[in-house]
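One structure is given below, encoded as structure tokens.
Sequential numbering from 1 along the given sequence is applied to the chain's residues.
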Amino acid sequence: MKESNQSVISDFTLTGLFNHSRPHLVLFSLVALIFTVGLLGNAILLFLIHIDSRLHTPMYFLLRHLSLLDVGFPLVTIPKMAADFLQGEGSISFGGCAAQMFFLMLMGVSEGVLLALMSYDRYVAVCHPLHYPVLMRRQVCLLMVGTSWLLGMLVASIQTSITLHFPYCASHTVDHFFCELPALLKLSCADTSAYELSLSISGVLILLLPLSLITTSYSHVAVLHMHSAEAQHKAFTTCSSHITVVGLFYGAAVFMYMVPGTYHSPQQDNVVSLFYSLVTPTLNPLIYSLRNREVRMALVKVLGRTGFRSKRCS
């Protein structure tokens with residue numbers, strides 16, 4: 001009898017971010033612009049790291065994988081949101097919803113771990129430069145990247161399978177612009193309070209532990225091992241910009257996955273999710289790479305070659 005009262009899960013309906021009013025059309029255009037800038041910035045960075053041998057270092061090896069994650073993050077959510085907005089409907093299949101949830105969690109956890117490991121890379125480079133070639137040798141870098149991807153796959157597999165095994169016997173309207181775990185849990189007709197509590201507790205390991213490593217690493221870089229005032233100022237400027245972006249990413253993730261759903265509204269969830277799925281992937285190449293002298297030199301070199309070839313062709 002219990003099973004007969006539960007509807008068969010077929011499609012979900014996403015409510016989306018915008019309606020077709022003039023202010024929302026402006027906001028939609030802004031999101032589309034940020035999406036384009038983010039993809040272009042990360043694509044340029046991936047291209048430069050690939051072709052310039054001077055960027056074949058541990059730091060840029062890690063940055064290359066960060067850019068791959070930052071390309072994937074918005075691609076999972078923004079095109080679907082844009083298509084739903086333009087077509088005027090927000091239907092998504094059960095399989096599509098599962099895929100969105102899995103890949104977002106995969107990339108989110110992987111990026112969180114990778115950001116922590118990148119802060120360790122900077123700590124070693126600044127505080128232990130003589131040991132850097134040994135501590136950050138290629139095998140260690142491969143282990144770092146592999147660990148971040150494997151942890152992402154493990155957490156995504158577990159959380160997605162658990163979430164989708166809950167019964168959804170009422171409304172299938174997801175009050176969100178993509179299939180995200182907290183939004184789906186609100187639709188379940190089962191008691192999910194124990195799972196939500198375990199999700200908040202697991203967030204300590206998945207989110208707060210890497211964030212603590214990042215804070216500790218950058219604190220050592222910015223303060224403890226810089227003896228001159230000028231060096232301290234330079235290190236603090238660099239680290240503060242990194243921590244700002246990291247804070248946006250981790251702050252949004254902590255709000256979504258560690259704060260119980262009763263303490264935030266669907267509108268807040270949409271805005272916060274937009275930060276870590278779109279804004280931080282756009283800021284990362286600007287903060288971490290395109291401000292670096294080596295990357296700028298590689299970009300100038302490529303543009304110079306392009307200009308030289310165009311002159312020869314003309």
Side-chain angles (χ1 to χ4, degrees), residues 14-18 27 30-31 34-35 37-39 41-42 66-78 80-81 100-119 148 151-152 155-156 159-160 163 174-186 196 199-215 218 239-288:
L14 302 172
T15 57
L17 270 176
F18 310 113
L27 291 174
L30 179 61
V31 167
I34 295 173
F35 172 73
V37 170
L39 286 185
N42 283 293
L66 180 66
S67 288
L68 284 173
L69 291 168
D70 287 340
V71 167
F73 237 130
L75 282 177
V76 175
T77 58
I78 303 303
K80 170 64 177 170
M81 182 273 292
Q100 265 198 344
M101 192 186 310
F102 174 82
F103 285 110
L104 282 167
M105 198 161 296
L106 163 65
M107 288 180 288
V109 173
S110 298
E111 181 157 334
V113 175
L114 190 60
L115 287 170
L117 296 175
M118 286 170 60
S119 71
S148 66
L151 285 175
V155 173
Q159 302 290 13
T160 302
T163 302
V174 183
D175 204 351
H176 208 47
F177 70 97
F178 62 86
C179 286
E180 190 164 27
L181 189 154
L184 279 177
L185 288 179
K186 293 178 181 179
E196 290 183 54
L199 196 65
S200 298
I201 295 172
S202 65
V204 174
L205 293 176
I206 298 172
L207 296 171
L208 297 188
L209 188 60
L211 184 58
S212 300
L213 177 60
I214 291 171
T215 305
Y218 283 136
C239 295
S240 61
S241 61
H242 290 189
I243 290 176
T244 299
V245 177
V246 167
L248 288 174
F249 177 82
Y250 275 99
V254 167
F255 180 83
M256 286 298 299
Y257 289 92
M258 294 189 66
V259 178
T262 53
Y263 292 96
H264 43 92
S265 66
Q267 292 76 19
Q268 290 173 325
D269 290 347
N270 277 320
V271 173
V272 170
S273 297
L274 198 63
F275 265 97
Y276 73 79
S277 65
L278 178 64
V279 176
T280 54
T282 301
L283 292 176
N284 279 339
L286 300 174
I287 296 297
Y288 280 98

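Closest non-hydrogen pair, F178 versus L14, comes out as C-CD2, 3.8 Å. Heavy-atom minimum distance, A183 versus V174: CB-CG1, 3.8 Å. Residues F177 and T77 approach most closely at CE1-CB, 4.2 Å, considering heavy atoms. The nearest pair of heavy atoms linking S67 to N42 is OG-OD1, 3.3 Å.
With sequence neighbours excluded, the residues forming a side-chain contact (heavy atoms from CB on, under 4.5 Å) with L68 are L46, H65, listed by chain and number. For V204, the side-chain contact (heavy atoms from CB on, under 4.5 Å) partners at least two apart in sequence or on another chain are L208, M258. A search for side-chain hydrogen bond (donor to acceptor under 3.5 Å, both in side chains) contacts involving Q159 returns Y195, not counting sequence neighbours. Applying the side-chain hydrogen bond (donor to acceptor under 3.5 Å, both in side chains) criterion to Y257, with sequence neighbours excluded, gives E180. Partners of A253 by side-chain contact (heavy atoms from CB on, under 4.5 Å), not counting sequence neighbours, listed by chain and number: L207. Checked against side-chain hydrogen bond (donor to acceptor under 3.5 Å, both in side chains), T15 has the following partners two or more places apart in sequence or in another chain: D175. Scanning for ring pair (Phe, Tyr, Trp, His ring centres under 6.0 Å) contacts around F255 gives H264, with sequence neighbours left out. With sequence neighbours left out, the ring pair (Phe, Tyr, Trp, His ring centres under 6.0 Å) criterion links F249 to no other residue. The side-chain contact (heavy atoms from CB on, under 4.5 Å) search around L117 returns V113, M144, not counting sequence neighbours. Looking at residues two or more places apart in sequence or on another chain, you find a ring pair (Phe, Tyr, Trp, His ring centres under 6.0 Å) between F18 and H24.
Residue pairs meeting the side-chain hydrogen bond (donor to acceptor under 3.5 Å, both in side chains) criterion with at least one partner in residues 200-210, sequence neighbours excluded, are absent. The side-chain hydrogen bond (donor to acceptor under 3.5 Å, both in side chains) contacts involving residues 107-116 comprise E111-N284, where partners must be two or more places apart or lie in separate chains.
Taking CG from L17 and CG from L274, the interatomic distance works out to 6.0 Å, rounded to the nearest 0.5 Å. We find the CG-CE distance between N270 and M81 to be 9.5 Å, quoted to the nearest 0.5 Å. Between the OG1 atom of T160 and the CE atom of M105 there is a distance of 5.5 Å, given to the nearest 0.5 Å. The distance from atom CE of M101 to atom CG of L184, rounded to the nearest 0.5 Å, is 4.0 Å. In this structure, CD1 on I287 lies 9.5 Å from CG on L248, to the nearest 0.5 angstrom. Interatomic distance, CG of L106 versus CZ of F73, reported as 9.0 Å (0.5 Å rounding).
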Task: side-chain contact (heavy atoms from CB on, under 4.5 Å) evaluation trace for Y250 with I214 - done: CA-CA 11 Å; Y250 275 99; I214 291 171; 3.6 Å; yes

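By the 4.5 Å heavy-atom criterion applied to side chains, L39 and L75 are counted as neighbours.
Each of V155, L211, L151 was scored for a side-chain contact (heavy atoms from CB on, under 4.5 Å) with I206, with one residue passing: V155.
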